[in-house]
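Counting convention: from 1, in listed order, for ligands and their atoms alike.
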Amino acid sequence: MTELLGQLAKRVDSAAQNATAIAQLSNEVSLSIADAYQVQNLSIMQRIQRGERVMGVKMGFTSRAKMLQMGVEDLILGQLTDAMLIDDGGKLDLSRFIHPRVEPEIAFLLNKPLSGKVSIAEAMTAVAAVAPALEVIDSRYDNFKFSLVDVIADNCSSAGFCVGTWHSVNQGGTLDISNLGMVMEFDGRAVQIGSSAAILGNPWRSLVEASRLAAAVGSFLPAGCIVLAGAATAAEALVIKARDTCHVRLQTQALGAVEFSANMSQEIAI
Ligand code: OOG
Ligand code: MG
């Protein structure tokens, strides 16, 4: 079984590297959730062998809008590496991806580890700062369609993340992020509008769930880790023509904005 899981990890990893879609793994093999997380871990090990460094984790399906869009109703946890980081205000080359989508998120920066079952109050004391974030997802599966185990094995579609200015939460009391307006724009046009309340009713809850899910796979969230809380709205397809640019921006209440410019460095052969 371990050998099979290793082969599946190579399959999702090379699909990501070559920006080529593959068939869902579940068409061929029956995987448990634990198997799927093992495939995810083995694929991250491939990245580490190429010199990438794990910077954090991301939660998925923490909002109703995302569950409905993708037809999956369970929370999932994926891993973020430095190769996925997009500078705030930076450029993103979309030719690296298969069918990228972008979603509005909130990021946490931990200054203490979190492990196992924790309360919201405990989770809060482990957080140094909060920031607005944009996540780029790119399922390695044909037509962006998958089952729960498929998406877990594919590192929860993780492809890129862009974090805005960090707002310290430990200085001068609390920062209320429970119901912040979030507007995601493509070239100045609003494409998704929502509230941080859509993330499990309160984004802090996502941190509690991230700690629980990490423990379920024998892991924890270390100090210095970035945690993406999950999209507040449905994801928006980032489709542009060769040589065009799309300016993607998320404006949030209280936390400010985060943005990047997406372009295609290569012509797409038709
Ligand atoms: C899976 C990733 C979900 C989120 O924020 O809910 C996710 C997907 O939709 O492909 O990142
Ligand atoms: Mg996301």
Side-chain angles (χ1 to χ4, degrees), residues 12 15-16 19 21-26 33 36-37 39-40 43-44 55-81 84-86 92 97-108 130-164 177 180 182 184 191-192 194-210 213-214 225-239 248 250 252 258 260:
V12 285
I22 55 171
Q24 294 177 47
L25 306 181
S26 61
I33 289 180
Y37 276 107
V39 174
Q40 179 190 121
S43 79
I44 294 296
M55 291 184 72
V57 295
K58 54 105 25 110
M59 287 293 289
F61 306 132
T62 48
S63 70
R64 201 71 215 129
K66 281 289 305 185
M67 288 182 187
L68 287 172
Q69 184 180 33
M70 304 315 298
V72 177
E73 301 225 335
D74 295 85
L75 300 181
I76 55 174
L77 188 70
Q79 304 180 57
L80 304 170
T81 74
M84 301 176 193
L85 187 63
I86 307 159
L92 180 69
F97 305 119
I98 304 165
H99 35 209
R101 295 179 179 179
V102 58
E103 38 190 38
E105 305 233 358
I106 283 183
F108 296 106
V130 182
L134 286 161
E135 188 189 16
V136 177
I137 52 170
D138 190 34
S139 173
R140 267 54 71 165
Y141 301 115
D142 290 324
N143 304 316
F144 226 113
K145 291 225 165 65
F146 44 68
S147 67
L148 176 65
V149 287
D150 286 321
V151 68
I152 292 170
D154 181 29
N155 193 26
C156 306
S157 310
S158 306
F161 68 108
C162 184
V163 182
I177 55 160
L180 301 180
M182 301 173 84
M184 186 166 77
V191 288
Q192 289 289 344
S195 158
S196 61
I199 306 165
L200 292 175
N202 177 352
W204 289 107
R205 256 188 217 133
S206 183
L207 204 52
V208 170
E209 294 299 324
L213 281 179
C225 173
I226 292 175
V227 182
L228 291 188
T233 68
E236 195 68 25
L238 202 43
V239 189
V248 181
L250 169 64
T252 65
V258 54
F260 63 83

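The backbone N or O of V151 lies less than 3.5 Å from no partner atom in the side chain of Y141, so there is not a single donor-acceptor pair. Side-chain atoms of S63 come within 3.5 Å of backbone atoms of A231 as a donor-acceptor pair (strictly under, hydrogens ignored).
Within a radius of less than 2.8 Å around the Mg ion (ligand 2), the protein N, O or S atoms are E103 OE2, E105 OE2, E135 OE1.
For the 3.5 Å distance criterion, the side chains of S43 and N155 fail to qualify, holding no donor opposite an acceptor.
T62 approaches G230 most closely through the heavy-atom pair OG1-CA, 3.3 Å. When every heavy atom of M59 is checked against every heavy atom of L77, the shortest pair comes out as SD-CD1, 3.6 Å. For the residue pair V57 and L80, the shortest heavy atom distance occurs at O-CD1, 3.4 Å.
Between E135 and K58 there is a salt bridge, since at least one side-chain N of the basic residue sits less than 4.0 Å from a carboxylate O of the acidic one.
Contacts classified as salt bridge (Lys or Arg N to Asp or Glu O under 4.0 Å) and involving residues 60-72 (residues at least two apart or in different chains) are given here: R64-E73, K66-E103.
Partners of D142 under the side chain to side chain contact (heavy atoms under 4.5 Å, CB included) rule, at least two apart in sequence or in another chain, are A21, A23.
For a heavy-atom separation below 4.0 Å, the residues in contact with ligand 1 are K58, M59, G60, F61, K66, M70, E103, E105, E135, I137, F144, F146, V151, C156, S157, G230, A231.
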